[in-house]
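All values below come from the heavy atoms of this structure, side chains included, with hydrogens, waters and symmetry mates left out. Numbers for residues simply follow the sequence, beginning at 1.
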Amino acid sequence: MKKNVSEYRMSLDLGHSKSYIQSISSGKSLPSLPEFLGICDYFRITPKEFFDRDEEEPILVCELVTEARKMKDNDIERLIDLARRLNGTR
């Protein structure tokens, strides 16, 4: 829903029949492990993020972590400091 993609569109994007995702979301079937990993890849999240019910925005968090991994240590420290200031914890 957050990606604003219909089950029909997602099914086609993943190379399946139009009702593929609908059958999964309704509980009628389960994807194989490779298909599950494909669904995670479709949403650009990890399987851990998929199952993390506490994470409201896994795609955004994943993007932030991906960018942070490219940074030098002192830039990561600045990013952490900024996050703390924005959250009012510093």
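- Interatomic distance, Ser6 OG to Asp13 CG, rounded to the nearest 0.5 Å: 8.5 Å.
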Test salt bridge (charged side-chain N to carboxylate O under 4.0 Å, His left out) applied to Arg78 and Asp75, step by step: CA-CA 5 Å; Arg78 289 185 192 129; Asp75 290 333; 2.7 Å; yes
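- Expressed to the nearest 0.5 Å, how far CG of Leu79 lies from CG of Asn74 amounts to 11.5 Å.
- Linking Ile, Leu, Val, Met, Phe, Trp and Tyr residues whenever their side-chain heavy atoms come within less than 4.5 Å leaves Leu30 and Leu37 in two separate clusters.
- In the hydrophobic clustering of this structure, Leu33 groups with Phe50; members are Ile, Leu, Val, Met, Phe, Trp, Tyr whose side-chain heavy atoms approach within less than 4.5 Å, directly or through other members.
- One distance of note links CG of Asp41 with OG1 of Thr46; it measures 11.5 Å at 0.5 Å rounding.
- Summarising the geometry, atom CZ belonging to Arg85 is positioned 12.5 Å from atom CD1 belonging to Ile80; distances are rounded to the nearest 0.5 Å.
- The shortest heavy-atom contact between Ser11 and Lys18 is OG-O, 3.5 Å.
- Note on Val5: it does not cluster hydrophobically with Leu12, by side-chain heavy-atom contacts below 4.5 Å among ILVMFWY residues.
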Residue pair Ile39, Met10: steps toward the side-chain contact (heavy atoms from CB on, under 4.5 Å) verdict: CA-CA 9 Å; Ile39 291 169; Met10 186 176 168; 3.6 Å; yes
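- Note that CG of Leu82 is 14.0 Å distant from CD of Glu77, once rounded to the nearest 0.5 Å.
- For the pair His16 and Ile21, the minimum side-chain heavy-atom distance is 4.5 Å or more.
- Summarising the geometry of Ser26 relative to Ser23, their closest heavy-atom pair is OG-O, 3.2 Å, with the distance given to 0.1 Å.
- Side-chain contact between Tyr20 and Pro31 is present, with at least one heavy-atom pair separated by less than 4.5 Å.
- Tracing side-chain contacts under 4.5 Å through hydrophobic residues (I, L, V, M, F, W, Y), one never reaches Val65 starting from Met71; they form parts of separate clusters.
- A donor-acceptor contact shorter than 3.5 Å is absent between the side chain of Ser19 and the backbone of Gln22.
- Residue Tyr8 places its OH atom among 12 or fewer non-hydrogen atoms of other residues, nucleotides or ligands, all under 6.0 Å distant.
- Each of Phe51, Tyr42, Phe43 was evaluated against Phe36; a single residue qualifies, Phe51, per the ring pair (Phe, Tyr, Trp, His ring centres under 6.0 Å) test.
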